[in-house]
Protein chains: 4
Amino acid sequence: MQDLPDMVAIKDADFSDVDAVFCCLPHGTTQEVIKGLPKGPKIVDLSADFRLRNVDEYEKWYGQPHRAAELQKEAIYGLTEVSREEIKNAWLVANPGCYPTSIQLPLVPLIKERLISLENIIIDAKSGVSGAGRGAKEANLYTEVSEGIHAYGITNHRHVPEIEQGLSDASQCKVTVSFTPHLMPMSRGMQSTIYVEMAQGVTIDDLYKQLASTYEGEEFVKVLEKGAVPHTRNVRGSNYCFMNVFPDRIPGRAIIISVIDNLVKGASGQALQNLNLMMGFPENAGLQYQPLFP
Amino acid sequence: MQDLPDMVAIKDADFSDVDAVFCCLPHGTTQEVIKGLPKGPKIVDLSADFRLRNVDEYEKWYGQPHRAAELQKEAIYGLTEVSREEIKNAWLVANPGCYPTSIQLPLVPLIKERLISLENIIIDAKSGVSGAGRGAKEANLYTEVSEGIHAYGITNHRHVPEIEQGLSDASQCKVTVSFTPHLMPMSRGMQSTIYVEMAQGVTIDDLYKQLASTYEGEEFVKVLEKGAVPHTRNVRGSNYCFMNVFPDRIPGRAIIISVIDNLVKGASGQALQNLNLMMGFPENAGLQYQPLFP
Amino acid sequence: MQDLPDMVAIKDADFSDVDAVFCCLPHGTTQEVIKGLPKGPKIVDLSADFRLRNVDEYEKWYGQPHRAAELQKEAIYGLTEVSREEIKNAWLVANPGCYPTSIQLPLVPLIKERLISLENIIIDAKSGVSGAGRGAKEANLYTEVSEGIHAYGITNHRHVPEIEQGLSDASQCKVTVSFTPHLMPMSRGMQSTIYVEMAQGVTIDDLYKQLASTYEGEEFVKVLEKGAVPHTRNVRGSNYCFMNVFPDRIPGRAIIISVIDNLVKGASGQALQNLNLMMGFPENAGLQYQPLFP
Amino acid sequence: MQDLPDMVAIKDADFSDVDAVFCCLPHGTTQEVIKGLPKGPKIVDLSADFRLRNVDEYEKWYGQPHRAAELQKEAIYGLTEVSREEIKNAWLVANPGCYPTSIQLPLVPLIKERLISLENIIIDAKSGVSGAGRGAKEANLYTEVSEGIHAYGITNHRHVPEIEQGLSDASQCKVTVSFTPHLMPMSRGMQSTIYVEMAQGVTIDDLYKQLASTYEGEEFVKVLEKGAVPHTRNVRGSNYCFMNVFPDRIPGRAIIISVIDNLVKGASGQALQNLNLMMGFPENAGLQYQPLFP
């Protein structure tokens with residue numbers, strides 16, 4: 001906690017006139033801060049602190065016991081389009097991670113409708129380097145990142161339990177996924193390429209129709225027209241998630257691609273979308289920035 | 001053929017003093033050119049024209065009948081470390097594509113030893129944009145490529161039959177793979193992230209040992225130490241292929257990662273390595289450039 | 001003109017209900033198109049066709065006679081903050097080029113007040129590659145542009161007469177500048193680093209005060225606080241021009257730096273700003289996008 | 001000095017069998033280390049410690065007194081092509097900085113022959129970010145550097161006294177230059193665009209001929225053919241310096257452009273070239289890497 005000289009300032013602050021708070025503190029410190037706040041303000045927490053309902057799972061992945069286990073029960077996981085009604089009534093929303101957002105938006109509806117197998121869900125994800133934050137680490141220097149790619153966090157990225165929690169909720173079964181993130185030489189943008197097995201008798205068309213109908217009318221989640229490949233550049237700087245589904249060469253399998261801007265729909269944009277819902281504002285308030293290309 | 005004003009010049013050229021030829025003509029034209037040459041010079045063909053032994057398969061993927069089917073029988077597929085002895089004695093070598101090189105180098109030995117299942121081999125590949133050549137296409141402009149990624153050629157990239165031919169050869173069975181290439185915002189570099197199912201009773205350690213022993217002593221193919229993640233930047237500008245194998249979260253599955261410089265081991269470097277073998281030169285002649293980083 | 005299959009369509013179109021037109025045709029064709037339109041709609045022309053008042057100068061730099069010399073006399077050069085009042089009353093505005101915008105915004109006020117010498121104005125300018133448009137040219141491929149820089153159009157870039165016209169107008173003398181543009185490995189962004197000699201007795205502080213007072217209250221042109229270096233990333237995607245002035249090591253000289261997004265303040269943003277003025281709309285309508293960083 | 005835990009190790013090391021040393025310690029520490037070494041090994045120091053003959057100048061720019069002033073007198077400034085004979089006989093060579101290399105190679109011969117004025121030499125320099133080293137600083141993160149440019153160290157970059165020392169030596173007068181470095185979104189590469197006034201009666205052709213004859217026969221310094229613009233990509237990864245000279249629009253002025261790879265000719269490449277000379281090895285030993293493009 002020594003990194004947070006302002007903790008005292010936060011504790012002594014007067015929140016009586018505050019309606020809403022974005023909590024952007026580092027993972028592991030938000031718990032204590034929020035626990036110490038008076039009830040009243042609506043809070044969207046951008047850290048991972050309240051994302052995992054199971055506090056043992058939290059301890060396992062984050063290496064320390066949860067310090068606000070009782071609040072965990074009240075926190076709502078803020079994947080907006082999936083849990084809109086709960087979010088409206090929440091006072092504490094755990095804003096999803098970037099990878100989990102890009103993965104659950106396409107997979108949750110397909111799993112809920114039992115259109116894909118829960119076995120062998122293979123997720124090859126690619127992220128711009130801003131996902132690593134602005135800390136001065138050698139690994140994130142221009143000279144290290146430019147003109148090269150590599151995988152990282154193979155099998156042990158902290159977004160794994162969050163993804164599996166969401167898919168397990170959707171299926172009512174325990175789901176284990178293969179998840180391999182890769183670092184891309186770009187600042188923003190995230191793509192998840194997801195390889196799945198369709199359930200018996202299900203076709204690509206069924207997957208497409210399900211996604212299209214789930215997100216029909218949504219402002220920020222778009223299923224592209226058939227055959228159109230989502231490009232990260234087409235969501236850059238915006239709160240959009242674009243997705244599509246493709247047949248695989250291996251019979252019975254499908255490839256799902258989703259793209260987001262990891263800093264917007266994957267972070268602050270979805271946070272604002274959630275806060276808008278919690279406060280009764282128009283859901284798209286402040287979120288109508290269009291993608292910036294080139 | 002109207003794109004080749006020099007075809008006549010080639011036909012009229014005097015090859016009597018020529019020992020060796022790199023053939024760098026566009027796909028579809030090499031056939032005719034090589035057919036027209038006098039026997040004598042050793043030829044490494046960098047196009048796709050002689051890569052597919054099955055000329056029907058060629059016609060299906062390239063949209064035109066093969067025009068030198070009889071030569072196809074004499075061509076050797078030049079994946080150097082896999083077919084070194086045949087290459088030494090060949091007069092015509094079909095130099096492999098970049099994706100097939102990065103994929104077959106790790107998979108062929110594992111398949112030959114039956115260490116992995118032939119089902120559900122899922123290949124998520126990433127390439128720098130130089131793979132698309134130097135043609136002036138809008139899709140390859142800096143403004144289109146920089147700071148963004150996307151998949152392309154989903155299910156129908158022309159390297160698919162070449163990959164499947166190699167894996168089918170290794171297994172003596174017909175193998176169908178899932179192959180999804182992605183365009184990266186970088187000039188050089190290629191990574192294949194390959195998701196496989198291990199054969200019954202096989203462990204990660206078995207895969208690792210097999211790769212390590214297959215490539216022990218090879219100058220250009222390196223299995224990294226356990227746990228080390230291959231980065232494309234570490235092979236940039238060199239003829240190296242770096243690879244490693246990782247356990248997956250899903251029990252029984254493994255993740256294989258290989259990286260090459262698509263322009264060197266994936267093209268001209270391997271071509272020179274092959275020609276060195278054909279001519280009896282030291283295999284590494286002209287290939288000792290070390291990776292350029294940063 | 002053969003590149004414009006829609007010329008006929010434009011000529012036959014019904015403009016009776018049209019209030020305003022952005023004309024985004026290639027240089028050299030706008031003249032004819034606008035000449036053919038009925039009077040009525042307000043027009044902002046983004047091409048270079050009406051930027052040079054002297055039609056001989058136009059012919060010299062563009063290699064063809066001007067085909068609408070009589071309209072040239074009615075066109076207003078749309079450097080918004082410099083010519084706001086004329087623009088309000090114009091029906092035809094020639095939208096400035098990107099380099100000329102970034103150069104004239106700082107230099108015009110200094111020249112008008114005779115704070116700098118008209119001799120030896122040296123402009124070293126740097127632009128992202130989007131300035132070259134979206135045409136498929138080899139020079140603009142990712143592989144050509146990434147990770148390298150170079151000068152181009154040395155002494156003969158077509159923005160030279162436009163810059164010199166603006167500075168000559170400001171000084172009432174004929175000004176000849178040194179102008180060397182450079183291509184940068186980035187999509188958007190433009191910086192002009194301008195090396196000038198201060199007039200006798202003038203100090204850096206005088207330059208700073210002049211710029212600060214000229215642009216005081218301007219929404220889109222900002223003189224940074226003393227010592228702060230303008231970065232292109234801080235105007236990316238926005239209509240801002242940031243500038244500042246620095247003492248040189250050589251006594252009596254100053255360095256002026258200005259940055260814009262070449263596609264916004266250097267093109268469509270300034271065009272919209274001009275049209276807003278011409279139509280009596282709020283000047284910032286549609287222009288309140290904040291810079292996108294990272 | 002607390003950053004150098006190995007200082008003791010260096011002092012205790014046995015140098016009796018050592019013929020040559022590359023000294024790559026941080027600026028300010030090399031002085032003490034080299035002072036402590038036994039005489040014997042030839043040393044090329046890549047830091048700035050022995051570049052400035054005037055130790056007061058050193059103290060002024062580096063903020064601390066020089067701790068090996070007596071050695072300073074024996075150090076030779078290692079701009080290879082300019083001081084080849086002195087370097088051959090030196091035991092201690094101060095390897096030049098990257099900017100000074102790119103600037104002095106074209107300017108020294110022109111100044112020696114009095115072909116350009118010593119007044120108003122304006123240098124606008126552009127460097128890739130590797131020039132800043134591999135330290136983990138926020139300013140050098142990918143997200144800060146990518147897709148943007150900015151000037152830095154305006155008037156106070158530490159390479160200024162080194163440049164002015166070299167030009168003053170060449171002219172036998174005190175030269176003061178304008179020097180503005182800019183950070184580019186690229187890893188390697190450096191360009192200096194130098195704006196000069198030609199001496200009375202001198203023409204561009206005179207400048208060109210002087211440079212061409214000075215560097216005729218040099219392996220690593222090339223004057224391009226007339227009109228050809230040097231691109232940094234064409235020297236990437238190599239020890240080359242490419243240069244050319246262009247007429248300016250302002251009569252009597254010229255524009256000189258030189259490009260190097262800041263990590264090779266601007267650092268380790270020139271260091272090796274110097275050591276080769278000092279040891280009597282072929283000057284190009286280990287330096288024949290050709291530029292890597294793309």
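Here is how names work: the chains are called A, B, and so on, in the same order as the sequence lines, proteins then strands, and each is numbered from 1.
Environment of CD in C/Glu225: sparse, with no more than 12 heavy atoms of neighbouring residues, nucleotides or ligands closer than 6.0 Å. In this structure, D/Gln288 places its CD atom where more than 12 heavy-atom neighbours from other residues, nucleotides or ligands lie under 6.0 Å away.
In summary, C/Asp205 and C/Lys209 engage in a salt bridge, as defined by a charged side-chain N under 4.0 Å from a carboxylate O.
Both the backbone and the side chain of D/Ile149 come within less than 4.5 Å of a heavy atom in chain C. Contacts of D/Pro230 with chain C are made by backbone atoms alone, with heavy-atom separations under 4.5 Å and no side-chain atom involved. With a 4.5 angstrom heavy-atom cutoff, D/Arg236 touches chain C only via side-chain atoms. Contacts of C/Arg253 with chain D are made by side-chain atoms alone, with heavy-atom separations under 4.5 Å and no backbone atom involved.
Residue C/Val175 comes nearest to C/Ser168 through the heavy atom pair N-OG, 3.0 Å, listed as atom of the first residue, atom of the second, then distance. The minimum heavy-atom distance between D/Leu207 and D/Leu110, with the atom names listed, is O-CD2, 3.8 Å.
Counting heavy-atom pairs closer than 4.5 Å to chain D, the top-ranked of the candidates C/Val229, C/Thr155, C/Ile121 is C/Thr155. For the set D/His231, D/Glu119, D/Arg233, the entry with the most heavy-atom pairs within less than 4.5 Å of chain C is D/His231. Of the listed residues (C/Phe179, C/Phe246, C/Tyr142), the greatest number of heavy-atom pairs within a distance under 4.5 Å of chain D belongs to C/Phe246. Ranked by non-hydrogen atom pairs under 4.5 Å with chain C, the options D/Asn156, D/Val177, D/Val259 are led by D/Val177. Interface remark: of the candidates D/Gly189, D/Pro247, D/Ser187, D/Ser187 forms the most heavy-atom pairs closer than 4.5 Å to chain C. The choice from D/Thr176, D/Ile250, D/Asn120, D/Thr143 that makes the most heavy-atom pairs within less than 4.5 Å of chain C is D/Ile250. Per-residue counts of heavy-atom pairs under 4.5 Å with chain D were compared for C/Glu197, C/Met184, C/Lys126; the largest is that of C/Lys126. Comparing D/Ile257, D/Thr193, D/Ile255 by heavy-atom pairs within less than 4.5 Å of chain C, the highest count is held by D/Thr193.
For C/His157 and C/Tyr152, the ring centers sit closer than 6.0 Å to each other.
Seen from the ring of C/Tyr208, C/Lys226 counts as a face-on cation partner, given the 6.0 Å and 45° thresholds.
Listed by chain and residue number, D/Asp248 satisfy the side-chain hydrogen bond (donor to acceptor under 3.5 Å, both in side chains) test with C/Ser178 (two or more places apart in sequence, or in another chain).
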